[in-house]
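Chain naming here is simple, since letters A, B, ... match the order of the sequence lines and numbering starts at 1 in each. Because the structure is predicted, anything quoted here is derived from the model rather than measured.
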2 protein chains.
Amino acid sequence: MLNKLENKDLKNIFLFSELSEEELNEIRSFSHLKKFDKGEILSFDSEPYSGFYCTLDGAVKLYKISSEGKEHILHIIYPYNTFAEVPIFENYGEVVKNNATYPLNAMAIEDNTVVIIIPARPLLNFLENNPKLYLKMLSTLSKRLRFLNNHIENLTLLDVKKRLSKYLLEKLKEAELNKENIEKKKGIKLKKINSIELSISKNDLSSHLGTILETLSRTFKKLQDEKIIEVDSKKITILDFQKLKEISK
Amino acid sequence: MLNKLENKDLKNIFLFSELSEEELNEIRSFSHLKKFDKGEILSFDSEPYSGFYCTLDGAVKLYKISSEGKEHILHIIYPYNTFAEVPIFENYGEVVKNNATYPLNAMAIEDNTVVIIIPARPLLNFLENNPKLYLKMLSTLSKRLRFLNNHIENLTLLDVKKRLSKYLLEKLKEAELNKENIEKKKGIKLKKINSIELSISKNDLSSHLGTILETLSRTFKKLQDEKIIEVDSKKITILDFQKLKEISK
DNA sequence: ATAGGGCTTTGACTTAAGTCAAAATTCAAT
DNA sequence: ATTGAATTTTGACTTAAGTCAAAGCCCTAT
């Protein structure tokens with residue numbers, strides 16, 4: 001159980017992955033951990049400085065909510081991924097004024113979700129002395145921009161069936177990459193992956209896909225009736241990869 | 001008419017606004033201009049290196065298009081705003097490999113649209129020698145992230161009437177800021193702004209708002225019937241600012 | 001193993017927004 | 001000013017997806 005921040009935790013974060021032990025110590029000196037239970041909101045305001053976050057354990061959803069209570073999840077953040085960088089940089093210089101606003105809301109979606117909080121001011125100082133990190137940061141933000149562009153494409157140009165198909169294919173690809181990593185690391189050969197385990201509730205999934213639970217349920221059923229997938233609670237088996245790919249286009 | 005790139009053009013670009021004449025000369029030495037007519041596609045592939053762009057005259061739409069030909073416009077780019085930075089940074093180091101893909105398509109939407117093209121490799125070198133620009137670049141990308149987050153919020157949580165209302169209010173605000181700038185610059189007092197001139201076709205506007213021309217037309221009519229706005233071709237007069245604000249929430 | 005709460009599915013119905021087609025308006029070039 | 005093309009509006013109709021309500025399922029803690 002994660003209770004104290006160690007250098008090895010920081011090393012897993014892309015931005016810090018190439019830092020020396022001393023440098024990691026420095027990062028640690030101005031960062032701190034915080035733990036949340038499922039459903040708890042990560043209230044950005046309560047922190048001394050606005051800064052950015054990284055999930056170390058559990059999962060966090062980043063979402064927008066309308067005046068009528070409708071929710072849309074833009075990102076699900078898993079361990080070692082950072083979020084809430086925007087307010088640090090968008091008006092740099094003004095950031096310490098404590099009135100920064102975060103574009104998104106954040107909520108833990110698993111018990112014992114641990115995040116590390118890295119305050120803006122010391123981080124900006126650190127970056128200035130280690131300009132090589134700027135490119136890493138630019139890379140992270142650029143990847144997120146591409147993700148959001150694709151997300152908008154999905155939401156505006158595809159119907160729910162296509163969006164769900166695309167999501168399933170992405171998760172399958174992730175699982176495959178993960179498998180290959182394990183194979184390489186352990187020097188073993190694992191059997192081909194043809195199923196995925198949904199890591200979030202179907203309600204959260206529907207919110208991420210820009211629809212509602214009932215419509216998602218019906219769309220799963222349609223794909224199952226067409227013998228393209230098999231749904232067993234959270235386990236989705238892909239029966240016809242080609243057809244799924246065809247639909248997602 | 002813009003035919004030759006001059007330092008004063010570069011100076012208007014946020015990223016380069018604080019550079020010396022020599023530094024601007026350097027930027028100019030590896031950049032070049034290109035001119036497009038309305039409807040022409042800015043084909044990123046045809047350029048020697050992938051790099052980023054800045055509009056100097058006219059306007060460019062950045063859009064996604066589906067396999068069925070449906071289009072969604074994510075950004076309209078006006079003079080001195082940059083675009084297409086993502087492929088430079090997302091996999092930095094690999095960028096020179098010439099196989100970078102741009103997340104969005106780009107098309108000129110006015111005749112005589114002039115863009116400046118800044119190739120990735122020399123730009124990255126320049127940044128390395130002028131690390132202060134990194135923060136400006138991070139600021140630009142962060143602002144774009146916030147914009148896209150808001151855009152997704154609008155598309156997923158608001159209906160067309162709300163989206164249009166919000167758009168009109170934003171444009172009104174822009175016009176007001178513009179007015180204030182002129183007043184400050186010229187030391188004169190202008191009368192209050194209560195109308196805006198649409199700078200893009202209604203078809204493009206509908207695509208940007210995530211709907212279609214017919215629905216946009218009907219939504220304009222609804223707002224007009226409710227005496228909230230008055231539509232005279234491209235000129236939109238706001239008759240009831242409060243109500244418009246109420247609707248947009 | 002069983003009760004209870006949280007999730008998920010199903011059914012019947014509504015609605016916002018899309019489609020297709022035709023008419024009307026606006027714009028730009030003579 | 002006039003004409004033809006491009007843009008925009010209007011009307012009639014369809015449809016994907018949302019709403020509301022009820023039933024069913026399945027964890028998890030006793």
Under the ring pair (Phe, Tyr, Trp, His ring centres under 6.0 Å) definition, can you give me all pairs with a residue in residues 153-186 of chain B, not counting sequence neighbours?
none
Just the table, please: protein N/O against nucleotides 12-15 of chain C N/O, every pair under 3.5 Å.
unit_1, atom_1, unit_2, atom_2, d
dA12(C), N6, Arg218(A), NH2, 3.3

List in numerical order all residues of residues 152-164 of chain A for which some heavy atom is under 4.0 Å away from an atom belonging to DNA chain D.
Asp159(A), Val160(A)
Which residues in residues 59-68 of chain A have at least one heavy atom lying under 4.0 Å from any atom of DNA chain C?
none
Value rounded to 0.5 Å, distance of CG in Asp159(B) from OG1 in Thr219(B)
8.5 Å
Degree of bending in the helix from dA1(C)-dT30(D) to dT30(C)-dA1(D) once both end axes are built from five pairs, to 10°:
50°
Return a single string for nucleotides 21-30 of chain C, one symbol per nucleotide in 5' to 3' order, where B is base contact, S is sugar-phosphate-only contact and - is none, cutoff 4.0 angstrom on heavy atoms.
B----SS---
Write out all pairs satisfying ring pair (Phe, Tyr, Trp, His ring centres under 6.0 Å) with one or both partners inside residues 196-219 of chain B, taking only residues at least two apart or from two chains.
His151(B)-His208(B)
Hits for salt bridge (Lys or Arg N to Asp or Glu O under 4.0 Å) against Lys38(A), two or more places apart or cross-chain, chain-then-number order -> none
Using the test side chain to side chain donor-acceptor pair (under 3.5 Å), find all partners of Asn154(B) that sit at least two apart in sequence or belong to another chain.
Lys166(B)
Who are the salt bridge (Lys or Arg N to Asp or Glu O under 4.0 Å) partners of Glu226(B), not counting sequence neighbours?
Lys161(B)
Using atom names, set out every protein N or O paired with an N or O of nucleotides 2-4 of chain C below 3.5 Å, distance rounded to 0.1 Å.
none

Suppose the criterion is ring pair (Phe, Tyr, Trp, His ring centres under 6.0 Å): which pairs have a residue in residues 218-249 of chain B, not counting sequence neighbours?
none
Nearest-angstrom distance from the residue atom NZ of Lys38(A) to P of dC27(D):
12 Å
